[in-house]
Colleague: 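The structure follows.
Below, read A as the first sequence line, B as the second, and so on, with proteins coming before strands; counting in each chain starts at 1.
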2 protein chains.
Amino acid sequence: MPLGLSEEELDLIDDMVAARRTVKRGSLLFRNGEKFTSLYAIRTGFFKTCVASEDGRDQVTGFQMAGEVVGLDGIVNDYHTCDAVALEDAEVCVMPFDRIEELSRAVNSLQRHVHKIMSREIVREHGVMLLLGSMRAEERLATFLLNLVQRLHARGFSQSELILRMTREEIGSFLGLKLETVSRTFSRFAEEGIVEVKQRHVRILNTDALKDIVNPKSGAGTA
Amino acid sequence: MPLGLSEEELDLIDDMVAARRTVKRGSLLFRNGEKFTSLYAIRTGFFKTCVASEDGRDQVTGFQMAGEVVGLDGIVNDYHTCDAVALEDAEVCVMPFDRIEELSRAVNSLQRHVHKIMSREIVREHGVMLLLGSMRAEERLATFLLNLVQRLHARGFSQSELILRMTREEIGSFLGLKLETVSRTFSRFAEEGIVEVKQRHVRILNTDALKDIVNPKSGAGTA
DNA sequence: CGTAATGTTGAGCGCATTCAAGCCGGGTGG
DNA sequence: CCACCCGGCTTGAATGCGCTCAACATTACG
């Protein structure tokens with residue numbers, strides 16, 4: 001899924017994949033407490049991962065789409081510490097971690113690749129921490145939309161139109177907001193002509209305005 | 001520093017370490033934008049890592065102490081994306097990442113070890129996301145104190161007494177609070193007899209009460 | 001077609017923030 | 001040695017953003 005792989009490297013990936021697995025919308029790929037065996041590369045579909053505090057509250061830690069890898073949390077303790085839930089019917093490649101380690105000992109580029117995937121996740125989470133720690137509701141939602149649409153665009157989808165696979169509550173959990181706040185903020189964006197929102201269908205009318213909310217530049221206005 | 005290493009594995013670690021480096025209090029081990037070459041194992045001292053948004057705000061992403069590793073953020077793009085600042089005079093082992101990859105291809109246990117370190121960081125950040133996304137000020141500070149004292153205790157320090165190496169502002173940045181809120185919350189804990197706070201010196205008088213704030217159990221009270 | 005899940009909107013409230021003033025402690029230089 | 005200064009910390013008062021609670025609208029789905 002990442003670019004720049006030679007043919008032999010693609011063969012390698014085939015070697016890693018023990019099986020394919022389909023996950024129905026609403027069901028779990030793995031759950032908190034489950035034994036860790038494999039990483040999963042998403043082929044199609046859309047997931048959320050979430051952790052739970054002891055007293056029931058839970059926090060969505062990310063949304064994953066085709067080409068992304070889930071399951072890294074399980075490596076430390078041989079048990080998963082979060083749930084991975086399919087938000088639409090999905091198909092994943094099951095890659096047993098033993099096999100990954102074995103092959104990545106033999107193939108430098110694969111080893112490097114695995115390291116980068118883990119580091120990328122760490123850096124992504126830094127960004128989420130910045131969002132949760134210091135942004136206001138509008139900034140959070142704008143950041144979220146820009147990030148989603150950018151990742152979709154990289155997969156050949158529209159730059160300006162997207163369908164949300166998750167509920168307002170799930171967006172809120174991820175962004176550290178209540179669902180009502182998410183809804184209200186969407187409405188405010190719509191009033192200002194920045195987006196068009198019809199339930200889960202979102203059309204971005206003014207990307208610059210969104211960027212300006214995230215990173216207000218003195219001069220820039222609503223071009 | 002982690003337990004259960006054989007003699008030969010310890011030799012390996014020696015092989016990885018290119019040099020030691022001392023970092024004076026207040027100065028940077030590495031900074032955002034700097035080329036990535038190495039991971040750093042902290043021998044002594046105390047660090048914070050922080051990321052900055054484009055418009056100046058910054059977010060402390062973690063505090064690291066002896067035995068912990070910093071620099072993982074640099075692997076993805078070959079550049080660091082955060083700053084690592086020494087909060088007291090420190091000494092680190094410089095471990096060139098090329099060397100780490102080379103050796104971990106040869107030694108299974110080292111490879112596994114590297115993977116676990118990265119996965120542990122991912123899981124740690126999940127916990128921080130839960131904190132930032134869903135906890136109130138008191139819960140955040142209580143969680144923070146319990147985590148700090150637990151890590152210190154694992155290093156042979158007191159279970160109930162600690163010296164904060166960071167300012168209220170840095171604590172606040174990490175916890176997604178303003179420094180005044182941190183200060184007020186400390187005072188509230190002190191009023192309630194849960195802790196004794198004198199500037200950076202903190203003595204925990206009632207660990208159970210702290211745990212109860214983090215994870216309120218119906219029956220449990222201020223034993 | 002009816003029911004439950006999801007989403008929107010309003011009113012009032014509360015927690016954390018903002019702004020501001022004062023305190024404490026440590027280091028420096030007169 | 002003491003006065004001063006400055007960064008860090010504490011505390012107070014007022015504000016406001018996001019939350020809570022509640023009613024209603026809309027959509028999905030059996």
Colleague: Going from CG on A/Asp89 to CD on A/Glu91, what distance comes out if it is rounded to the nearest 0.5 angstrom?
Modeller: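 Interatomic distance, A/Asp89 CG to A/Glu91 CD, rounded to 0.5 Å: 11.0 Å.
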Colleague: Can you list the residues that meet the side chain to side chain donor-acceptor pair (under 3.5 Å) rule with B/Gln59, with sequence neighbours excluded?
Modeller: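 B/Gln59 satisfies side chain to side chain donor-acceptor pair (under 3.5 Å) with no other residue.
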Colleague: If you count the non-hydrogen atoms of other residues, nucleotides and ligands that lie under 6.0 Å from NZ in A/Lys198, is the total more than 12?
Modeller: no
Colleague: Minimum heavy-atom separation for B/Ile213 and B/Ala142, please, with both atom names.
Modeller: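 Heavy atoms only, the tightest pair is CG2-CB, 3.9 Å.
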Colleague: Return the angle between end axes of the helix from C/dC1-D/dG30 to C/dG30-D/dC1, with five pairs used per end and rounding to 10°.
Modeller: 40°
Colleague: Return the set of residues passing side chain to side chain donor-acceptor pair (under 3.5 Å) with A/Glu88 (not counting sequence neighbours), or none when no residue passes.
Modeller: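 Listed in chain order: A/Arg165.
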Colleague: By ring-ring contact (aromatic ring centres under 6.0 Å, His included), which residues pair with B/Phe186, not counting sequence neighbours?
Modeller: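 In terms of ring-ring contact (aromatic ring centres under 6.0 Å, His included), with neighbours along the sequence ignored, B/Phe186 is linked to no residue.
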Colleague: What range of DNA chain D does chain B touch, first nucleotide to last, counting atoms under 4.0 Å from its heavy atoms?
Modeller: D/dG8 to D/dA13
Colleague: Provide, to the nearest angstrom, the distance between the NZ atom belonging to B/Lys178 and the C1' atom belonging to C/dA16.
Modeller: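 Checked: the NZ to C1' distance equals 10 Å.
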Colleague: Could you tell me how far apart B/Glu139 (CD) and C/dC15 (P) are, to the nearest whole angstrom?
Modeller: 12 Å
Colleague: Do any pairs count as a ring-ring contact (aromatic ring centres under 6.0 Å, His included) and have a residue in residues 145-164 of chain B, sequence neighbours left out, and if so which ones?
Modeller: none
Colleague: Using distance alone, with no hydrogens and no angle criterion, decide if A/Gln159 and A/Thr207 have a side-chain donor and acceptor under 3.5 Å apart.
Modeller: no
Colleague: Using the side chain to side chain donor-acceptor pair (under 3.5 Å) criterion, which residues pair with B/Arg188? Sequence neighbours excluded.
Modeller: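 Residues passing side chain to side chain donor-acceptor pair (under 3.5 Å) with B/Arg188: B/Glu138.
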Colleague: Test: ring-ring contact (aromatic ring centres under 6.0 Å, His included). Region: residues 32-58 of chain A. Which pairs qualify, not counting sequence neighbours?
Modeller: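 Every pair satisfying ring-ring contact (aromatic ring centres under 6.0 Å, His included) with a residue in residues 32-58 of chain A: A/Phe30-A/Tyr40, A/Phe36-A/His80, A/Phe36-A/Phe97.
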Colleague: What does A/Gly172 touch in the nucleic acid at a heavy-atom separation under 4.0 angstrom: a base, only the sugar-phosphate, or nothing?
Modeller: nothing
Colleague: Does anything in residues 49-57 of chain A reach DNA chain D, meaning a heavy atom under 4.0 Å, and if so which residues?
Modeller: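 Hits under 4.0 Å, by residue number: none.
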Colleague: Salt bridge (charged side-chain N to carboxylate O under 4.0 Å, His left out) with A/Glu169: which residues, sequence neighbours excluded?
Modeller: none
Colleague: Where along nucleotides 6-12 of chain C does protein come under 4.0 Å, by heavy atom, of base (B) or sugar-phosphate alone (S), with - for untouched nucleotides?
Modeller: SSBBBB-
Colleague: Should the heavy atoms of other residues, nucleotides or ligands under 6.0 Å from CZ of A/Arg57 be counted, would the total exceed 12?
Modeller: yes
Colleague: Enumerate the residue pairs fulfilling salt bridge (Lys or Arg N to Asp or Glu O under 4.0 Å) with a member in residues 121-137 of chain A, sequence neighbours excluded, ordered by first and then second residue.
Modeller: A/Glu121-A/Arg124, A/Arg136-A/Glu139
